[in-house]
Amino acid sequence: MNIDHAKQSGNELEKIVKEVERLEQVQLDIYNAIEGLDNINEQLVLRYRYIELTHDGKQPSWEIIAYKMHYSTMQTIRLHGKALEHLKF
């Protein structure tokens, strides 16, 4: 490996590390914004939708979230909309 190639690889790695750090900060900001909501049900619906993924790493369906919250699917979707309106970054 020549020196120029090593420098380029180092620069690319540095960019990747900075991007990961930026995304981790965004994730923390989102988590804190959700936790800052006054309504616990609004917190829950956003946590279920965006933070607590299914065992295979996917976003849970509205039906699964509704089941967990003991709401109808439509109630859950409406609550999600209200939670997004109240969310502050």
Side-chain angles (χ1 to χ4, degrees):
M1 179 184 300
N2 65 31
I3 293 174
D4 289 336
H5 185 68
K7 285 181 183 178
Q8 184 179 2
S9 295
N11 289 339
E12 289 174 12
L13 181 59
E14 201 174 300
K15 287 178 186 178
I16 292 169
V17 168
K18 285 182 181 181
E19 181 65 7
V20 168
E21 289 171 348
R22 186 188 72 77
L23 292 172
E24 287 174 340
Q25 184 59 51
V26 168
Q27 187 178 30
L28 181 61
D29 292 345
I30 291 169
Y31 182 83
N32 288 335
I34 290 171
E35 293 300 308
L37 291 171
D38 293 331
N39 184 310
I40 189 71
N41 290 322
E42 290 180 1
Q43 288 181 24
L44 280 175
V45 73
L46 293 180
R47 222 179 291 140
Y48 287 148
R49 186 68 176 171
Y50 301 111
I51 295 175
E52 296 181 15
L53 303 178
T54 62
H55 67 280
D56 58 356
K58 294 183 180 177
Q59 205 174 44
S61 68
W62 290 117
E63 291 78 13
I64 290 172
I65 296 169
Y67 176 81
K68 285 182 172 184
M69 296 188 72
H70 305 283
Y71 287 161
S72 72
T73 302
M74 283 309 301
Q75 284 176 305
T76 303
I77 292 169
R78 278 194 293 273
L79 180 64
H80 176 264
K82 286 183 180 183
L84 290 178
E85 288 175 11
H86 296 143
L87 202 59
K88 295 177 181 137
F89 281 95

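It should be emphasised that the depicted structure is a prediction, and the values quoted were computed from it without experimental measurement. Heavy atoms only: backbone and side chains are in, while hydrogens, waters and symmetry mates are out.
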Undergrad: Could Glu19 and Arg22 be called an ion pair, given the rule that one side-chain N must be under 4.0 Å from one carboxylate O?
TA: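 Yes, charged N to carboxylate O under 4.0 Å.
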Undergrad: Any chance you could measure Ile65, atom CD1, to Gln59, atom CD, to the nearest 0.5 Å?
TA: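 Result: 7.0 Å between the selected atoms.
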Undergrad: Which atoms form the tightest heavy-atom contact between Thr73 and Glu63, and what is the distance?
TA: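 Closest approach of Thr73 to Glu63, heavy atoms only: OG1-CG, 3.8 Å.
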Undergrad: Kindly say whether the aromatic ring centers of Tyr50 and His80 come within a distance under 6.0 Å.
TA: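 Yes.
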Undergrad: Drop me the distance from Asn39's CG to Leu79's CG, to the nearest 0.5 angstrom.
TA: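 Output value for this atom pair is 6.5 Å.
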Undergrad: Just how far is it from atom CD of Glu35 to atom CD1 of Ile40, taken to the nearest 0.5 Å?
TA: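 Glu35 atom CD to Ile40 atom CD1 measures 7.0 Å (nearest 0.5 Å).
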Undergrad: Side chain of Gln43, backbone of Leu37: donor and acceptor closer than 3.5 Å?
TA: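 Yes; at least one donor-acceptor contact below 3.5 Å.
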Undergrad: Measuring only between side-chain heavy atoms, which start at C-beta, is Thr76 closer than 4.5 Å to Tyr48?
TA: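 No - every pair of side-chain heavy atoms lies 4.5 Å or more apart.
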Undergrad: With a sphere of 6.0 Å drawn around CD of Gln27, does it hold more than 12 non-hydrogen atoms of other residues, nucleotides or ligands?
TA: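 Counting other residues, nucleotides and ligands, CD of Gln27 stays at 12 neighbours or fewer.
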Undergrad: Using residues 82-89 as the side-chain source, report each donor-acceptor pair under 3.5 Å to any protein atom, sequence neighbours left out, with the distance given to one decimal.
TA:
unit_1 : atom_1 : unit_2 : atom_2 : d
His86  : ND1    : Glu42  : OE1    : 3.0
His86  : ND1    : Glu42  : OE2    : 3.0
His86  : ND1    : Lys82  : O      : 3.2

Undergrad: Within a radius of less than 6.0 Å around CG of Asn32, do more than 12 heavy atoms belonging to other residues, nucleotides or ligands occur?
TA: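 Atom CG in Asn32 is packed in, count exceeds 12.
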Undergrad: Taking a hydrophobic cluster as the set of Ile, Leu, Val, Met, Phe, Trp and Tyr residues connected by side-chain heavy atoms closer than 4.5 Å, whether directly or through intermediates, do Ile64 and Ile77 fall within one such cluster?
TA: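 Unlinked, Ile64 and Ile77 end up in two clusters.
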Undergrad: What residues, two or more places apart in sequence or in another chain, satisfy side chain to side chain donor-acceptor pair (under 3.5 Å) together with Ser72?
TA: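 Counting only residues at least two positions away or on another chain, Ser72 forms a side chain to side chain donor-acceptor pair (under 3.5 Å) with Gln75.
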Undergrad: Quick one, Tyr71 with Asn41, criterion side chain to side chain contact (heavy atoms under 4.5 Å, CB included). Give me CA distance, side-chain angles, the key distance, then yes/no.
TA: CA-CA 11 Å; Tyr71 287 161; Asn41 290 322; 3.1 Å; yes
Undergrad: Once you round to the nearest 0.5 Å, how far does CH2 of Trp62 lie from CE of Met74?
TA: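 So the gap between those two atoms works out to 10.5 Å.
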Undergrad: Going hydrophobic residue to hydrophobic residue with side-chain gaps under 4.5 angstrom, can you get from Leu44 over to Tyr31?
TA: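 Yes.
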Undergrad: If you measure from CD1 on Ile30 to CD1 on Ile51, what distance do you get to the nearest 0.5 Å?
TA: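 Rounded to the nearest 0.5 Å, the CD1-CD1 separation comes out at 8.0 Å.
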